[in-house]
Visitor: 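Supplied in structure tokens, the structure appears directly below.
Here is the naming used below: chain letters follow the sequence lines, and residue numbers restart at 1 for every chain.
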Amino acid sequence: MGSSSPPSTPFCLHYFDMLYSEDVAWAAKGMGETSQSGVPGGRGEVKKEPEQCPIIDSQGLGLGGDGELQGELPLEEHSLEQMQSMVVGEVLKDIETACKLLNIAADPADWSPGNVQKWILWTEHQYRLPQLGKSFQELSGKELCAMSEEQFCQRSPVCGDVLHAHLDIWRSAAWMKEKAAPGDVRYCGSDSGWADSEVDSSCAGQPIHLWQFLKELLLKPHNYGRFIRWLNKEKGGWALLGSGEGSVGGSPQTSHPHSPHIGIFKIEDSAQVARLWGIRKNRPAMNYDKLSRSIRQYYKKGIIRKPDISQRLVYQFVHPL
DNA sequence: CAACAGGATTAGT
DNA sequence: ACTAATCCTGTTG
């Protein structure tokens with residue numbers, strides 16, 4: 001109650017204009033490696049990487065069901081509006097995804113200092129921002145929201161402005177969500193109710209398990225496919241796993257009537273997956289060595305195993321639930 | 001060298 | 001009690 005939060009942010013379109021040009025497009029471009037080498041002065045110019053976007057196509061960019069703006073439409077004014085609302089939808093979905101992954105509220109005003117830290121770490125990670133250190137420690141969400149862009153830059157001269165813009169987007173999204181509940185509207189099933197029903201996989205604040213976390217990442221190839229992905233598609237890849245030659249290993253042991261090649265996933269970027277896990281669990285020292293040890297504990301529990309044809313960074317869920 | 005396998009111990013719930 | 005974090009020794013491709 002009393003939360004007379006000043007809706008100072010009217011959710012103008014400039015934000016999403018900016019967001020689209022800088023964040024979404026940038027992030028969607030696969031954002032190559034370019035660690036932090038490409039973030040010198042901040043937002044002067046968005047350097048357009050010549051890379052094509054390999055993964056965003058899955059289902060992210062429009063063509064959700066009506067628009068065939070695959071690239072031949074001349075982008076009329078109407079299309080522009082459509083484009084904008086589409087981008088807004090994508091941003092809202094990404095925020096929802098991040099909320100579940102980090103286990104934090106959607107509204108920044110509800111964040112604890114720990115939540116703030118998580119959000120900052122995640123934003124750094126997601127958008128390849130330079131490390132902020134602990135310049136925003138001990139700040140609650142409300143305090144964070146009360147800070148001006150100047151204050152952000154004061155704490156982080158390098159990317160305070162970008163961070164502030166990201167926070168503005170989250171606040172705007174939360175503001176929209178609140179506004180979108182005028183009367184009843186019990187989250188009409190249209191939009192995958194993004195209410196705080198907590199993560200489906202972890203009930204009642206029970207600490208999340210590593211295998212659940214991995215499945216959550218795997219559920220969002222749009223967001224995390226660069227780090228971890230299913231390896232089941234396209235049976236083409238499986239044939240030439242032996243790299244050609246017969247390689248008479250000796251025991252063919254092609255038995256295993258059950259347990260086909262389903263539920264197999266590959267960790268493409270072990271360091272990043274470990275980092276996300278560390279953010280989620282508030283374990284800054286997490287690394288793949290330790291994460292993989294936890295995965296190995298699943299062997300005897302029958303949750304995860306190594307596939308029949310063992311490969312580096314490839315594991316398999318025993319229960320394809 | 002990085003991934004892999006697992007034993008032992010500690011930490012957090 | 002259980003899961004996971006940490007740490008470690010040793011193996012493997």
Side-chain angles (χ1 to χ4, degrees), chain A residues 32-33 35 100-105 111-118 120-122 124-125 131 134 137-138 196-219 224-232 237-256 259 261 263-321:
Chain A
E33 291 318 286
S35 318
K100 287 183 180 172
L101 191 85
L102 301 174
N103 203 24
I104 63 177
W111 291 346
S112 68
N115 294 155
V116 170
Q117 210 59 29
K118 272 185 175 181
I120 287 177
L121 281 172
W122 179 85
E124 273 177 17
H125 173 269
Q131 304 267 331
K134 42 186 67 176
Q137 239 176 1
E138 301 301 320
D196 44 337
S197 58
E198 290 305 317
V199 187
D200 38 53
S201 46
S202 74
C203 25
Q206 220 47 66
I208 192 174
H209 294 275
L210 177 56
W211 62 270
Q212 293 176 312
F213 181 79
L214 294 175
K215 284 201 171 182
E216 281 181 20
L217 292 184
L218 286 161
L219 277 177
Y224 306 108
R226 285 153 280 172
F227 311 138
I228 182 173
R229 64 168 229 266
W230 292 113
L231 212 56
N232 309 343
W238 282 103
L240 43 130
L241 276 180
S243 76
E245 94 284 24
S247 143
V248 203
S251 55
Q253 51 194 81
T254 50
S255 51
H256 299 86
S259 71
H261 357 135
I264 298 181
F265 62 96
K266 169 159 184 165
I267 294 170
E268 297 283 358
D269 192 326
S270 58
Q272 303 295 346
V273 171
R275 181 128 165 225
L276 286 170
W277 177 235
I279 292 173
R280 172 59 180 266
K281 292 290 294 291
N282 285 317
R283 271 305 97 98
M286 182 52 59
N287 58 29
Y288 180 68
D289 204 36
K290 292 184 271 195
L291 184 150
S292 64
R293 183 69 189 90
S294 293
I295 291 181
R296 263 172 256 134
Q297 286 295 143
Y298 289 146
Y299 291 172
K300 75 168 68 168
K301 293 173 182 284
I303 298 173
I304 288 177
R305 71 165 168 220
K306 213 66 177 152
D308 291 341
I309 309 154
S310 184
Q311 297 172 94
R312 289 195 140 197
L313 299 169
V314 175
Y315 298 90
Q316 178 175 25
F317 282 104
V318 174
H319 299 302
L321 187 76

Visitor: Not counting sequence neighbours, which residues clear side chain to side chain contact (heavy atoms under 4.5 Å, CB included) with A:A271? List them please.
Guide: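 Expected list: A:D269.
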Visitor: Identify whether any heavy atom of A:S270 sits under 4.0 Å from a base atom; if not, whether one sits that close to sugar-phosphate; answer base, sugar-phosphate or nothing.
Guide: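 Result for A:S270 = sugar-phosphate.
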Visitor: Quick one: side chain to side chain donor-acceptor pair (under 3.5 Å) partners of A:S310, sequence neighbours excluded?
Guide: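 Testing A:S310 for side chain to side chain donor-acceptor pair (under 3.5 Å), a comparison that skips the adjacent residues, returns none.
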Visitor: Let me spell it out: for each of A:Y315 and A:K300, pick the nucleotide of DNA chain B with the closest heavy atom. Which residue's pick is nearer the 5' end?
Guide: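 Whichever sits nearer the 5' end wins; that is A:Y315.
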Visitor: Partners of A:W122 by ring pair (Phe, Tyr, Trp, His ring centres under 6.0 Å), sequence neighbours excluded?
Guide: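 A:W122 satisfies ring pair (Phe, Tyr, Trp, His ring centres under 6.0 Å) with no residue once adjacent residues are dropped.
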Visitor: For A:F227, which residues count as a ring pair (Phe, Tyr, Trp, His ring centres under 6.0 Å) partner, sequence neighbours excluded?
Guide: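 Listed in chain order: A:H125.
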Visitor: Check nucleotides 4-11 of chain C against the protein and report each pair of N or O atoms closer than 3.5 Å, with its distance, or say if there are none.
Guide:
unit_1: C:dA4; atom_1: OP1; unit_2: A:H209; atom_2: ND1; d: 3.2
unit_1: C:dA4; atom_1: OP1; unit_2: A:L210; atom_2: N; d: 3.0
unit_1: C:dA4; atom_1: OP1; unit_2: A:Y298; atom_2: OH; d: 2.6
unit_1: C:dA4; atom_1: OP2; unit_2: A:Y298; atom_2: OH; d: 3.2
unit_1: C:dA4; atom_1: O3'; unit_2: A:K281; atom_2: NZ; d: 3.1
unit_1: C:dA5; atom_1: OP1; unit_2: A:W277; atom_2: NE1; d: 3.1
unit_1: C:dA5; atom_1: OP1; unit_2: A:K281; atom_2: NZ; d: 3.4
unit_1: C:dA5; atom_1: OP2; unit_2: A:W277; atom_2: NE1; d: 3.2
unit_1: C:dA5; atom_1: OP2; unit_2: A:S294; atom_2: OG; d: 3.2
unit_1: C:dT6; atom_1: OP2; unit_2: A:K290; atom_2: NZ; d: 3.0
unit_1: C:dT6; atom_1: O5'; unit_2: A:K290; atom_2: NZ; d: 3.4

Visitor: Taking A:K118 for the side chain and A:L102 for the main chain, is one N or O donor matched with an acceptor at less than 3.5 Å?
Guide: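 Such a contact is found between A:K118 side chain and A:L102 backbone.
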Visitor: Taking only residues two or more places apart in sequence or in another chain, which ones pass side chain to side chain contact (heavy atoms under 4.5 Å, CB included) with A:E124?
Guide: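 Partners of A:E124 under the side chain to side chain contact (heavy atoms under 4.5 Å, CB included) test: A:I120, A:L121, A:L129, A:Q131, A:L132, A:R275.
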Visitor: Which residues pass the side chain to side chain contact (heavy atoms under 4.5 Å, CB included) test with A:L210, not counting sequence neighbours?
Guide: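 A:L210: side chain to side chain contact (heavy atoms under 4.5 Å, CB included) contacts with A:L214, A:W277, A:L291, A:S294, A:I295, A:Y298.
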Visitor: Not counting sequence neighbours, list each pair that qualifies as a side-chain hydrogen bond (donor to acceptor under 3.5 Å, both in side chains) and has a residue in residues 283-293 of chain A.
Guide: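 The answer is A:Y288-A:Y315, A:S292-A:R296, A:R293-A:Q297.
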Visitor: Give me the first and last nucleotide of DNA chain B, going 5' to 3', that has any atom under 4.0 Å from a heavy atom of chain A.
Guide: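 It runs B:dA2 to B:dG7.
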